[in-house]
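Here the structure is laid out as structure tokens; the discussion comes afterwards.
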Protein chains: 2
Amino acid sequence: MDSLKNHVLKLVQASDEALDLFASKLQRIAISKKRFLLQPGTQVQHEYFVLKGCLKTYYLDKKGNEHIIQFAIENWWLGDFDAFYNGGTGKFFIEALEDSELLAIDYNSLQEVFEKEPVFERYFRILITGAFIAQRRRILDGLSLKTKGRYLQFCEAYPNIETRVPNYQIANYLGVSAENLSRVRRKLKS
Amino acid sequence: MDSLKNHVLKLVQASDEALDLFASKLQRIAISKKRFLLQPGTQVQHEYFVLKGCLKTYYLDKKGNEHIIQFAIENWWLGDFDAFYNGGTGKFFIEALEDSELLAIDYNSLQEVFEKEPVFERYFRILITGAFIAQRRRILDGLSLKTKGRYLQFCEAYPNIETRVPNYQIANYLGVSAENLSRVRRKLKS
DNA sequence: TATATTAATTGATATAGGTCAATGGAATTC
DNA sequence: GAATTCCATTGACCTATATCAATTAATATA
């Protein structure tokens with residue numbers, strides 16, 4: 001659990017009591033490779049913090065095509081946020097790409113933490129603001145760059161993910177075909 | 001200023017004192033059509049709330065191509081968040097598409113509000129979480145839909161913007177050419 | 001180690017959408 | 001109300017990238 005505590009302390013000044021309250025609400029989860037943490041159509045009760053491992057969040061469209069909207073590795077939060085915060089059933093699959101260990105917090109517990117220890121309002125505000133900015137960058141890259149530029153940007157922004165995830169999944173995340181990414185990578189070598 | 005107060009009260013329960021403190025930090029700004037609220041390369045001191053009007057946030061790439069990352073109308077917050085929160089100079093232009101009235105808050109004032117009235121940590125946390133979810137949806141649409149689907153989704157999600165912004169700017173926002181959007185729209189009519 | 005599975009690459013072809021250029025209509029501006 | 005600027009549309013052509021199919025390479029499993 002220390003990695004989450006450190007993560008919190010990097011963003012806010014939380015007292016020991018606040019951290020203890022938060023810790024008391026967390027549930028430890030292990031999930032093995034290829035298993036699903038979430039599937040669409042179900043209620044979304046939790047948000048997750050990655051202690052160890054690697055996962056992907058993706059949407060499956062009507063034609064059965066997968067669209068990866070997020071990878072998560074150590075020290076990332078992930079979840080189906082729309083369903084978690086706004087209710088209703090989830091839209092996304094979350095699947096482990098490696099054997100992983102997570103911490104989970106359920107909605108009511110999180111609200112209780114917010115009420116009792118407002119420093120966690122700040123923690124999540126800062127966290128989500130950073131995520132918002134990163135997403136905005138991703139959108140901008142999608143608008144302004146071709147495959148080559150988007151791939152280079154991805155490798156620079158997420159070197160730790162680039163080395164752990166197969167290329168065809170990175171292509172999917174970038175919104176291009178695996179074949180196209182392969183050809184672009186070849187050109188980059190020469 | 002009432003529209004901002006109402007906006008706050010829709011998301012959180014803020015006391016009159018909290019609202020008054022917040023209001024005391026806000027500065028009223030008028031900006032006329034085609035004028036710039038922000039330009040790249042400058043320090044970003046403020047975030048803005050739209051009382052009236054319509055604006056766009058865009059990036060100008062090396063080739064001189066514009067890429068619109070956000071439209072904002074009444075009751076939207078906008079700004080160059082990366083530069084505002086993380087320092088450094090801005091990357092984006094923000095330009096008024098109509099004569100507009102805004103409220104502005106500067107960084108230090110906002111931090112003071114956060115310190116004194118944590119309910120605003122919550123307000124901005126909820127706000128940015130919603131924006132994050134909307135952006136995630138935009139990314140997903142970009143990955144999974146062709147021009148037609150993206151356009152329909154945009155019109156459904158932002159009917160108030162669709163009617164106020166010229167089509168070629170909507171095309172730009174969607175990441176397609178104006179010509180292509182025009183052809184897609186024609187097919188939709190028949 | 002052999003086998004099966006998964007991932008990356010390559011070639012050939014098809015297509016959505018980009019780009020360029022021209023036109024006509026709409027909306028501002030003088 | 002005339003003139004000018006702005007915007008939407010259309011046609012012709014071009015390009016990046018998707019798709020399909022096959023092969024090779026790498027990785028996992030028995």
Side-chain angles (χ1 to χ4, degrees), chain A residues 32-35 53-56 58 60-68 71 95-100 141-155 161-190, chain B residues 32-35 53-56 58 61-68 71 95-100 140-155 161-190:
Chain A
S32 48
K33 188 171 173 172
K34 295 192 179 177
R35 290 299 175 82
C54 182
L55 305 94
K56 65 173 173 183
Y58 67 91
L60 205 64
D61 69 23
K62 298 141 204 163
K63 292 177 191 158
N65 296 120
E66 181 178 322
H67 304 283
I68 299 173
F71 295 111
E95 179 185 341
L97 299 176
E98 303 172 359
D99 293 346
S100 303
D141 288 345
L143 292 174
S144 64
L145 301 176
K146 307 234 187 254
T147 305
K148 184 172 87 172
R150 295 221 294 284
Y151 175 68
L152 289 172
Q153 163 58 24
F154 178 85
C155 292
I161 291 177
E162 192 267 328
T163 54
R164 284 165 76 168
V165 171
N167 278 311
Y168 76 97
Q169 299 208 19
I170 294 173
N172 185 299
Y173 176 94
L174 295 176
V176 302
S177 69
E179 294 92 332
N180 186 27
L181 182 60
S182 171
R183 287 184 247 262
V184 165
R185 281 160 48 86
R186 183 164 48 128
K187 275 194 220 160
L188 282 171
K189 280 180 205 156
S190 56
Chain B
S32 48
K33 187 171 173 172
K34 296 193 179 177
R35 290 299 175 82
C54 182
L55 305 95
K56 66 176 174 181
Y58 66 91
D61 70 22
K62 298 141 205 164
K63 292 175 192 159
N65 296 121
E66 181 178 323
H67 303 283
I68 299 174
F71 295 111
E95 180 185 340
L97 300 177
E98 303 172 0
D99 293 347
S100 303
L140 180 59
D141 288 343
L143 292 174
S144 64
L145 301 176
K146 308 235 187 253
T147 305
K148 185 173 85 172
R150 296 221 293 285
Y151 176 67
L152 290 172
Q153 162 59 23
F154 178 84
C155 293
I161 291 177
E162 192 266 329
T163 55
R164 284 165 76 170
V165 171
N167 277 310
Y168 76 97
Q169 298 207 21
I170 294 173
N172 184 300
Y173 176 94
L174 295 174
V176 302
S177 70
E179 294 93 334
N180 185 27
L181 181 60
S182 172
R183 287 185 247 263
V184 164
R185 280 160 47 85
R186 181 164 49 128
K187 276 195 220 160
L188 283 171
K189 280 180 209 158
S190 57

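On a predicted model such as this, the values are computed, not experimentally measured, just so you know. Protein chains get the first letters and strands the later ones, always in sequence-line order, with residue 1 at the start of each.
Here the side chain of S32(A) pairs no donor or acceptor atom with the backbone of D99(A) at under 3.5 angstrom. Between the side chain of R150(A) and the backbone N or O of D141(A), no donor-acceptor pair lies under 3.5 Å.
Remark: P of dT15(C) and NZ of K148(B) are 17 Å apart, rounded to the nearest angstrom. If you measure from atom CD of Q169(B) to atom P of dC6(D), you get 12 Å, rounded to the nearest angstrom. dT9(C) atom P lies 12 Å from atom CG of L188(A), rounded to whole Å. Rounded to an integer number of Å, the gap from K187(A) NZ to dT15(D) P is 13 Å. Regarding E98(B), its CD atom lies at a distance of 11 Å from the P atom of dT28(C), rounded to whole Å. D99(A) places its CG atom 12 Å from the P atom of dA28(D), with the value rounded to the nearest Å. Protein atom NZ of K63(B) is 13 Å distant from nucleotide atom C1' of dT19(C), rounded to whole Å. The nearest whole Å value for the distance from the CZ atom in R183(B) to the C1' atom in dC20(C) is 11 Å.
Take the nearest nucleotide of DNA chain C for Y168(A) and for R150(B): the residue whose nucleotide is more 5' is Y168(A).
Looking at heavy atoms from C-beta onward, L143(A) lies out of side-chain contact with Y58(B) at the 4.5 angstrom threshold. Counting heavy atoms from C-beta on, the side chains of K56(B) and E66(B) come closer than 4.5 Å. Proximity of V165(A) to Y173(A): side-chain heavy atoms (C-beta onward) are nowhere separated by under 4.5 Å.
You'll find that the side chain of K34(A) is closest to dT6(C), out of dT6(C), dT10(C), dC6(D). Counting only heavy atoms from C-beta on, K146(A) has its side chain closest to dT17(D) among dA8(C), dT19(D), dT17(D).
Remark on the helix from dT1(C)-dA30(D) to dC30(C)-dG1(D): inter-end axis angle 60°, axes from five-pair C1' superpositions, rounded to 10°.
Remark: R185(A) is in phosphate contact with dT9(C), judged by side-chain N or O atoms under 4.0 Å from OP1 or OP2. For dT9(C), the OP1/OP2 oxygens have no side-chain nitrogen or oxygen of R186(A) closer than 4.0 Å. Between T147(B) and the phosphate of dG17(C), there is a side-chain N or O to OP1/OP2 separation shorter than 4.0 Å. K189(A) has a side-chain polar atom (N or O) that falls below the 4.0 Å cut-off from OP1 or OP2 of dT9(C).
Between L174(B) atom CG and F154(B) atom CZ the span is 6.5 Å, to the nearest 0.5 Å. Note that NE2 of H67(B) and CG of L145(A) are 8.0 Å apart. Values are rounded to the nearest 0.5 Å. In this structure, L152(A) CG and E162(A) CD are separated by 10.0 Å, a value rounded to the nearest 0.5 Å.
Contacts of residues 170-182 of chain A with DNA chain D (heavy atom under 4.0 Å): G175(A), V176(A), S177(A), E179(A), N180(A).
Using modelled atom types and a 3.5 Å distance limit, the side chains of S144(A) and D61(B) yield no donor-acceptor pair.
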